Peer 1: 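Input: one structure, supplied below.
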Amino acid sequence: QLQLRESGGGLVQPGGSLRLTCATSGFSLEYYAIIWFRQAPGKEREGVSCISSSGDFTNYADSVKDRFTISRNIDDDLVYLQMHNLKPEDTAVYYCAAPKVRQFRSAFCPFGYEEHYWGQGTQVTVSS
């Protein structure tokens with residue numbers, strides 16, 4: 001059974017850093033892209049960052065470019081989202097998800113795909 005579980009959220013001051021972790025099980029990261037989404041209260045869910053199943057293609061929302069970095073550890077089935085220079089507008093529940101498209105070492109890395117496997121989310125709050 002394909003599962004994803006986020007951790008690492010918390011309260012941080014503006015300008016601070018956090019690293020989120022997505023622990024995956026039941027599948028290989030070499031077959032599925034992983035996307036980090038976030039959703040703030042009263043706002044639509046948005047794609048934040050994606051890493052392809054090939055591992056060599058990444059994508060970022062304009063709002064987080066140059067501040068967030070996505071990476072993965074295939075051996076430990078983990079995907080990370082390193083977040084620096086956090087802003088109050090980054091406050092949201094962060095989810096990791098895998099698009100329901102199984103492709104071995106593909107560059108496929110979409111924000112707009114409709115069907116995903118989801119984690120339960122982790123809260124990130126940026127406030128002084």
Side-chain angles (χ1 to χ4, degrees):
Q1 183 177 359
L2 196 150
Q3 294 184 330
L4 304 97
R5 180 177 295 274
E6 306 89 341
S7 62
L11 173 64
V12 63
Q13 291 187 342
S17 298
L18 279 176
R19 188 179 77 164
L20 305 183
T21 299
C22 177
T24 69
S25 62
F27 67 102
S28 169
L29 291 173
E30 292 188 290
Y31 283 91
Y32 289 89
I34 298 295
I35 303 174
W36 284 97
F37 289 91
R38 68 185 180 186
Q39 187 163 21
K43 294 188 176 182
E44 291 188 356
R45 185 176 60 211
E46 67 169 327
V48 174
S49 183
C50 176
I51 186 164
S52 66
S53 61
S54 64
D56 57 4
F57 183 82
T58 58
N59 197 12
Y60 296 91
D62 288 342
S63 58
V64 305
K65 279 181 181 176
D66 300 324
R67 298 190 298 124
F68 291 9
T69 302
I70 191 169
S71 62
R72 70 181 190 177
N73 181 326
I74 289 181
D75 292 337
D76 293 336
D77 299 321
L78 299 172
V79 178
Y80 304 103
L81 185 68
Q82 179 68 56
M83 306 184 294
H84 293 298
N85 190 23
L86 282 161
K87 304 175 181 181
E89 52 263 42
D90 295 318
T91 295
V93 178
Y94 285 70
Y95 302 88
C96 63
K100 291 183 178 179
V101 178
R102 189 174 183 269
Q103 296 181 337
F104 183 66
R105 294 183 183 173
S106 167
F108 184 69
C109 203
F111 282 154
Y113 198 74
E114 292 184 352
E115 295 186 45
H116 299 82
Y117 301 100
W118 291 95
Q120 84 289 348
T122 186
Q123 175 71 46
V124 172
T125 302
V126 185
S127 175
S128 55

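For this chain, numbers begin at 1 and follow the sequence in order. All values reported here derive from a predicted model rather than from experimental measurement.
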Peer 1: Decide whether a cation-pi geometry holds between K100 and Y113; the criteria are a distance under 6.0 Å from NZ or CZ to the six-membered ring centre and an angle within 45° of the ring axis.
Peer 2: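 Verdict for Y113: no cation-pi partner in K100.
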Peer 1: For a 4.5 angstrom cut-off between non-hydrogen side-chain atoms, does T91 reach Q123?
Peer 2: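 Yes; the side chains approach each other to less than 4.5 Å.
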Peer 1: Working note: S17 + Q82, criterion side chain to side chain contact (heavy atoms under 4.5 Å, CB included); need CA distance, chi angles, decisive distance, verdict.
Peer 2: CA-CA 8 Å; S17 298; Q82 179 68 56; 4.2 Å; yes
Peer 1: Which value, rounded to the nearest 0.5 Å, describes the distance between L29 atom CG and N73 atom CG?
Peer 2: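 The distance works out to 8.5 Å.
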Peer 1: For a 4.5 angstrom cut-off between non-hydrogen side-chain atoms, does R67 reach M83?
Peer 2: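 No, their side chains stay 4.5 Å or more apart.
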Peer 1: Are the side chain of E6 and the backbone N or O of G121 linked by a donor-acceptor pair below 3.5 Å?
Peer 2: yes
Peer 1: Taking C-beta and beyond as the side chain, do E114 and P99 meet within less than 4.5 Å on heavy atoms?
Peer 2: no
Peer 1: Same hydrophobic cluster for Y60 and V126, using side-chain heavy-atom links shorter than 4.5 Å among ILVMFWY?
Peer 2: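 Same hydrophobic cluster.
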Peer 1: Measure the spacing between OG of S25 and CD of Q3 and express it to the nearest 0.5 Å.
Peer 2: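 Answer rounded to 0.5 Å: 4.5 Å.
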Peer 1: Test V48 against F111 for side chain to side chain contact (heavy atoms under 4.5 Å, CB included), laying out the working first.
Peer 2: CA-CA 8 Å; V48 174; F111 282 154; 5.9 Å; no
Peer 1: Same cluster for W118 and F108 if Ile/Leu/Val/Met/Phe/Trp/Tyr side chains link at under 4.5 Å?
Peer 2: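 Not linked; separate clusters.
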Peer 1: I'd like to check T58 versus S52 (side-chain heavy atoms, cut-off strictly below 4.5 Å). Are they in contact?
Peer 2: no
Peer 1: Is the ring pair Y31/F104 parallel, tilted or perpendicular, if the boundaries are 30 and 60 degrees?
Peer 2: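 Rings of Y31 and F104: tilted, 30 to 60°.
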Peer 1: Pair S127, T125 - check side chain to side chain donor-acceptor pair (under 3.5 Å), show working.
Peer 2: CA-CA 6 Å; S127 175; T125 302; over 6 Å; no
Peer 1: Same cluster for F57 and I70 if Ile/Leu/Val/Met/Phe/Trp/Tyr side chains link at under 4.5 Å?
Peer 2: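 They do not share one cluster, since no chain of ILVMFWY contacts under 4.5 Å joins F57 to I70.
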Peer 1: Between F37 and H116, does the ring centre distance come in under 6.0 Å?
Peer 2: yes
Peer 1: Applying side chain to side chain contact (heavy atoms under 4.5 Å, CB included) to I74 and E30, what does each step give before you reach the verdict?
Peer 2: CA-CA 8 Å; I74 289 181; E30 292 188 290; 3.6 Å; yes
Peer 1: Under a 4.0 Å threshold between the charged nitrogen and the carboxylate oxygen, would D90 count as salt-bridged to R38?
Peer 2: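 Between D90 and R38 there is a salt bridge, with a charged N closer than 4.0 Å to a carboxylate O.
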Peer 1: Roughly how far, to the nearest 0.5 Å, is SG of C50 from CD1 of I35?
Peer 2: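 Rounded to the nearest 0.5 Å, the CD1-SG separation comes out at 4.5 Å.
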Peer 1: Quick one: does P88's side chain get under 4.5 Å of P14's, heavy atoms only?
Peer 2: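 Contact flag for P88/P14 side chains = yes.
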Peer 1: Do the non-hydrogen side-chain atoms of T21 and V79 ever get within less than 4.5 Å of each other?
Peer 2: no
Peer 1: Same cluster for L20 and Y117 if Ile/Leu/Val/Met/Phe/Trp/Tyr side chains link at under 4.5 Å?
Peer 2: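 Same cluster: L20 reaches Y117 through Ile, Leu, Val, Met, Phe, Trp or Tyr contacts under 4.5 Å.
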Peer 1: To the closest 0.5 Å, what do you measure between CD1 (I34) and SG (C96)?
Peer 2: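 SG of C96 is found 6.5 Å from CD1 of I34.
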Peer 1: Could you give me the CA-CA distance, side-chain angles and deciding distance for S53 and Y32, then say whether side chain to side chain contact (heavy atoms under 4.5 Å, CB included) is met?
Peer 2: CA-CA 5 Å; S53 61; Y32 289 89; 5.5 Å; no
Peer 1: In this structure, would V93 and L81 fall into the same cluster of hydrophobic residues linked by side-chain contacts under 4.5 Å?
Peer 2: no
Peer 1: Please tell me whether F68 and W36 form a close aromatic pair, meaning their ring centres lie under 6.0 Å apart.
Peer 2: no
